Every structure is written in C-alpha cells, then in structure tokens.
Amino acid sequence: MTAARPLVAGVDTSTQACKVVIRDAATGQLVRSGRAAHPEGTAVAPGAWEDAFTAAAEAAGGLDDVAALSVGGQQHGMVCLDEHGAVVRDALLWNDVRSAGAAADLITELGGGDEATGRRAWADAVGVVPVASFTATKLRWLADAEPENADRTAAVCLPHDWLTWRLSAHRGPDTLVTDRGDASGTAYWSARTGDYRFDLLELAMRGRRPAVPRVAGPAEQVGVLAGTSAVLGPGTGDNAAAALGLAARPGDVIVSIGTSGVVSAVTTTAVADATGTVAGFADATGNHLPLVATMNAARVLDAAAAMLGVDHATLSDLALSAPSGADGLVLVPYLEGERTPNLPHATGAVHGLTLRTATPAHVARAAVEGLLCGLADGIEAVVARGVAVERVLLIGGAARSPAVQQLAPGIFGRPVLVPPPGEYVADGAARQAAWALSGAAEPSEWAQPGMRQFEAAPATGVRERYAEVRGRTDGQ
Ligand SMILES: Nc1ncnc2c1ncn2[C@@H]1O[C@H](COP(=O)(O)OP(=O)(O)O)[C@@H](O)[C@H]1O
Ligand SMILES: O=C(CO)[C@@H](O)[C@H](O)COP(=O)(O)O
C-alpha cells in the first residue's frame, strides 16, 4: 500500500505543543496534520510529550499508512533515565534557568579559575560557552542539587532522542540515538570534531559518566516505529529541522519567533564564539548551524496582548497604528530571564512612559519593537562571525503577526521573506524521514512554498534607543 505512494510523517515536539505533519515522500505535498498541547512550565514529565504525540498523530489521521517518521524537537532539555530506561525526574527544559550558577561555575572551572580562559576553552572544545539552557549545565545542577538523582542517572538524552526511542521497538537505554544537530546543543559534543567530550560530561556530572545516545548519520535508518515496518529517521533539534524544512542554504538566515527567538544560518564551517553569543551548533545535513537564541519571543506578544486585553490581530493593528519608536517608549522583553544577552535572572522593563506614550498602541508597538530589536542584535552577531546574509526568512508562530512582518525589515535593516504559516520544524523532520526512506545521498527537492517579501525604510534610531534603555536597566 505504502510502496505506490509512500507517505512520511514529521514531528515537532516543541516547547508548547506537539505537531505532526504527513507528507508525500516524493513531492512533499501536505496530506494531513495534527497538533496537541504540551503542559506549561520549564520542568516537564517526558511522558506528557508521548501523550501529546499520540493525540497529535491521531488528530493527523493516524500513522498506519506512513512509511517513515522523524522527530524534530526543542533542544537541550535534560532527560535522565535509570538503568531500566525509566525517567529519573521531570526533564528540565531549555528555558529553565535554575542552572545559571552551574553554567558560570563550569566556565571558570574549565578556565582554571579564569572566566575569559574558560570561555575560550569551552568554545574551542565544543563550539559553545555554557549558559543555563545547555544540557551540561543542567547536569551540573542535578549533581549538586539532587545527587541521589544524579547517581540514578544511567543515561541522559534530549527530548527528541527520548521520543524517538519511545516510538521505536528498542527499550534499553543503551539503544538511544541522537543526531549531530541536537547533540551539538549539549555542550559535551563537538560539531567541529564530531566527537563526545566525555571529560566535559564528567566535569558536569562531578565524575559520573552516564551513557549518551549514539550520534547517527543525517539520513540513517535508526529503527522502526514499534509494531510497524515504518522506518525511523534520526530526528534532530528543532532549529536544524526548520533549516531542513526550508531547504536553507548558505546565505540564508532563518529568524524563528516561536517560544524562543532564534537566528540561525547554514554554514559549511564550524563556529567557535568565545563570547558565547553565537552557539556553534550543527545542522541536520552534515553542515553547521551557528545560532543565536533568545528566551523571550512569541510569548512577549502573548503577554502584551493579555496585558492590553486584546487578541493578536488587535495587538498587531495597535502596533501598526503607533509611530516608529513609539515616541520613545521602549519595552525590554526579558519576561523569563534572558539567555542572549546572558541575564538569566533579568525581568522585563518598560521605559519612557509619559502621558503621550501611555496608550495601548504605544505599548503594543514597544512590545513588537523590543522583540525585534533583540533578534536584530542576533543577526548582527552571526554576521560578525562571518556569516553572509543573502536572504532573511521569518518563521514561527509570531511570524503570523502583520506587525512583526511589516516592522521586521525596518529594524533588521534588510528585506524579509515570510513563507506561508506552516510547521517548518515538522516539515523538516518529514523531509528527513523521506531522505532516510530513500537511502539517497541527498534529501529530495520538495517544492518550496512561495514567500512574501516585506521591505521597509530603516527604522531610524529604534535599535539605538532600545540599546540605550537595555543598557540602563540591564533588564534587572
Ligand atoms: N498571529 C499571531 N501573532 C502573534 N503570535 C502568535 C500568532 N499566532 C500564534 N502566535 C504565538 O506563537 C507561539 C507558538 O509558536 P510556535 O512557533 O508554534 O512555538 P513553539 O514551536 O515554541 O511551540 C505562541 O506563543 C502563540 O501565541
Ligand atoms: O534553545 C533553543 C535553541 O538553542 C530553542 O530554540 C529551543 O530549541 C526551543 O525551541 P521552540 O520550542 O521555541 O521552537
């Protein structure tokens, strides 16, 4: 049945929801899709992801006719398993900042007590400088705060690794598999060398060495969907999956405004930024994916809309009705602490309130501009690491906002391409599944969606005023 017209499934197990798309393996045409919500919070029982996957797959009409499946997922989350494969504690997600102190400790420890030396040493070793988001820092937190759980941790993996493993016919924790894209977000695997740094894993775990997933090749068949003959691809981190879904090539910069704000670019060489601003991740094809991530993105607009008591469409209208720069009103959007810049305990700030600016329209404008200014800093950071920018592609839930679409080009100082609203992470996972199924050297060329191009005059002074206010408050 599946041989005549094979279908493939792509999964995005993201922060807020699980999304499943089912596409034609040959053409990429969307056949069906479904989604289900994840629980709130930054510590989540992994079983909730499996439940959401089951519900999303059912909403997508089931998987009976699917010949291959891959899982893309939120990066960095710490999933600890005991010797029998049972979950040791709730997973700590990428946006959980309790490990901020552990990150600082790991930097100075590797630097022999010197922070600058430590930053350089981490960047050289694994392409990243620890921040609270990365798995290694969560493991250090575990070792210090919950040593008994650290002792019970026989294996550690990431959300997409865990879901792939749960969906497979394998059961022992020794059969866990990951890929380059997600492994590169652990801070104990190097995208440059392709090797685990077990010394850094042991440093994080204070001498313990849990098992880690095998790093599969980009299109490897890593198993089968339990109870079926459908092939499982290795999966990958959500940002690498989005790049695959968009068939991103060198010169493309992807700006994703989901729960996280992400600026990423496909490159052929590894990046090692000792400032830690640009993380030297890998992509899902064998290339690299230098990336800047912020913790405050779509939910800044969710919060602004809730604060003003309006829906997203009205928030967007309000923002577009206010003048550029919101007459000096600036919203620094560090609502959940921030990762870039590294201010894990920061809070948001609103500066420049006057009788003139104390209007819903000014607040809406300041929220959109504050969000975009943080991402503009991210684009500038990847450019500073030598990334060439030919196209800027805007995706993620908040890319649906007309205000975001129309204001981004002025604040980024570049035209912006917006593909139709879609699940590009799940699409990338589906494309990987088709690739694994085909056994071909390269992923098939799927028709890419038409994109709308937005242009605008530079938003003079907006980023400068944002930088001034951010510097003044430091978001604290
Ligand atoms: N039209 C819109 N305007 C602004 N934000 C939106 C809009 N539609 C959805 N969102 C927001 O986008 C976010 C979900 O985006 P998504 O990329 O799916 O996130 P994630 O992959 O992190 O789960 C939610 O916070 C949602 O409220
Ligand atoms: O931490 C990062 C990237 O380094 C985030 O991009 C997470 O991977 C979460 O992604 P979303 O749920 O926002 O898509």
Side-chain angles (χ1 to χ4, degrees), residues 11-19 35-40 42 44 49 52 56 72-78 92-97 127-128 131-135 137-138 158-160 181-182 184-187 236-243 245 254-264 276-282 289-306 310-319 335-336 338-340 364 367-368 371-372 375 378 394-405 418 421-429:
V11 180
D12 176 12
T13 178
S14 78
T15 314
Q16 295 192 54
C18 182
K19 308 134 191 200
R35 66 182 287 141
H38 281 163
E40 284 292 323
T42 61
V44 170
W49 302 329
Q74 54 172 315
Q75 295 188 250
H76 317 304
M78 176 189 76
L92 297 186
L93 307 194
W94 63 278
N95 52 355
D96 189 291
V97 294
V128 300
V131 288
S133 290
F134 298 154
T135 327
T137 71
K138 298 176 190 303
L158 301 170
H160 113 256
D182 229 4
S184 62
T186 58
T236 190
D238 53 4
N239 297 298
I254 300 171
V255 177
S256 169
I257 315 182
T259 314
S260 58
V262 171
V263 175
S264 64
T277 305
V278 180
F281 294 162
L289 194 77
L291 178 150
V292 178
T294 68
M295 286 178 41
N296 297 282
R299 288 204 280 210
V300 173
L301 302 191
D302 294 349
V310 299
D311 62 12
H312 275 302
T314 309
L315 184 81
S316 173
D317 290 346
L318 284 168
L335 308 189
E336 286 203 297
E338 190 43 271
R339 158 167 161 194
T340 315
V368 176
L371 161 63
L372 291 173
L375 294 168
L394 194 62
I395 61 166
R400 296 168 196 243
S401 159
V404 168
Q405 296 171 348
V418 184
E423 297 299 344
Y424 292 99
V425 174
D427 290 348

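In this text the structure is predicted, and so the values were computed from the model without any measurement. We count ligands from 1, going down the list as the structure has it; atoms in each ligand are counted the same way.
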Any side-chain to backbone donor/acceptor pair from [X] onto [Y]? Under 3.5 Å, distance only.
X: Lys19; Y: Thr13; answer: no
X: Thr236; Y: Ala241; answer: no
X: Thr42; Y: Asp96; answer: no
X: Ser260; Y: Val262; answer: no
X: Thr137; Y: Val131; answer: yes

## Note on the structure
Numbered in order shown, the ligand 1 atoms found under 4.0 Å of a heavy atom of Ala398 are 4 (C), 5 (N), 6 (C), 12 (O)

### Query
Atoms of ligand 1 less than 4.0 Å from Gly396 heavy atoms?
17 (O)

### Task
Output the set of protein residues with a heavy-atom contact under 4.0 Å to ligand 2, ordered first by chain identifier and then by residue number.
Ser14, Thr15, Gln74, Gln75, His76, Trp94, Asp238, Asn239, Thr259, Ser260, Val262, Phe281, Leu291, Ala293, Arg339

Please write down residue, atom name and distance for the protein heavy atom closest to [atom].
atom: atom 22 (O) of ligand 1; value: Thr259 OG1, 2.4 Å
atom: atom 13 (C) of ligand 1; value: Ala298 CB, 3.5 Å
atom: atom 1 (N) of ligand 1; value: Arg400 CB, 3.6 Å
atom: atom 7 (C) of ligand 1; value: Gly397 O, 3.4 Å
atom: atom 21 (O) of ligand 1; value: Lys19 NZ, 3.1 Å

### Message
If the condition is side chain to side chain donor-acceptor pair (under 3.5 Å), which residues does His38 pass it with, not counting sequence neighbours?
### Response
none

### Query
In chain order, what residues pass the side chain to side chain donor-acceptor pair (under 3.5 Å) check against Thr15, with sequence neighbours excluded?
Trp94

### Task
Describe, in one word, how the ring planes of Phe281 and Phe134 are oriented to each other, choosing from parallel (under 30°), tilted (30 to 60°) and perpendicular (over 60°).
perpendicular

### Query
Side chain or backbone of Gln74 under 4.0 Å from ligand 1, or both, or neither, by non-hydrogen atoms?
neither

### Message
Checking contacts here: is it the side chain or the backbone of His312 that comes within 4.0 Å of ligand 1, counting heavy atoms only? Could be both or neither.
### Response
side chain

### Query
Which of these passes side-chain hydrogen bond (donor to acceptor under 3.5 Å, both in side chains) with Ser133: Lys138, His76, Arg339?
Arg339

### Query
Does Glu423 have a heavy atom less than 4.0 Å from any atom of ligand 1?
no

### Task
Provide the closest heavy-atom pair for Thr135 versus Leu158 in the form atom of the first, atom of the second, distance.
OG1-CD2, 3.5 Å

## Note on the structure
Nearest heavy-atom contact between Ala243 and Leu289 is CB-CD1, 4.1 Å

#### Entry: Proximal candidate to atom 26 (C) of ligand 1 [heavy atom criterion; set Asp302, Leu315, Asp311]
Asp302

#### Entry: Proximity winner for atom 23 (O) of ligand 1, if only heavy atoms of Ser14, Ala303, Ala304, Ala297 are counted
Ser14

### Message
Test: side-chain hydrogen bond (donor to acceptor under 3.5 Å, both in side chains). Region: residues 289-300. Which pairs qualify, not counting sequence neighbours?
### Response
Asn296-Glu338

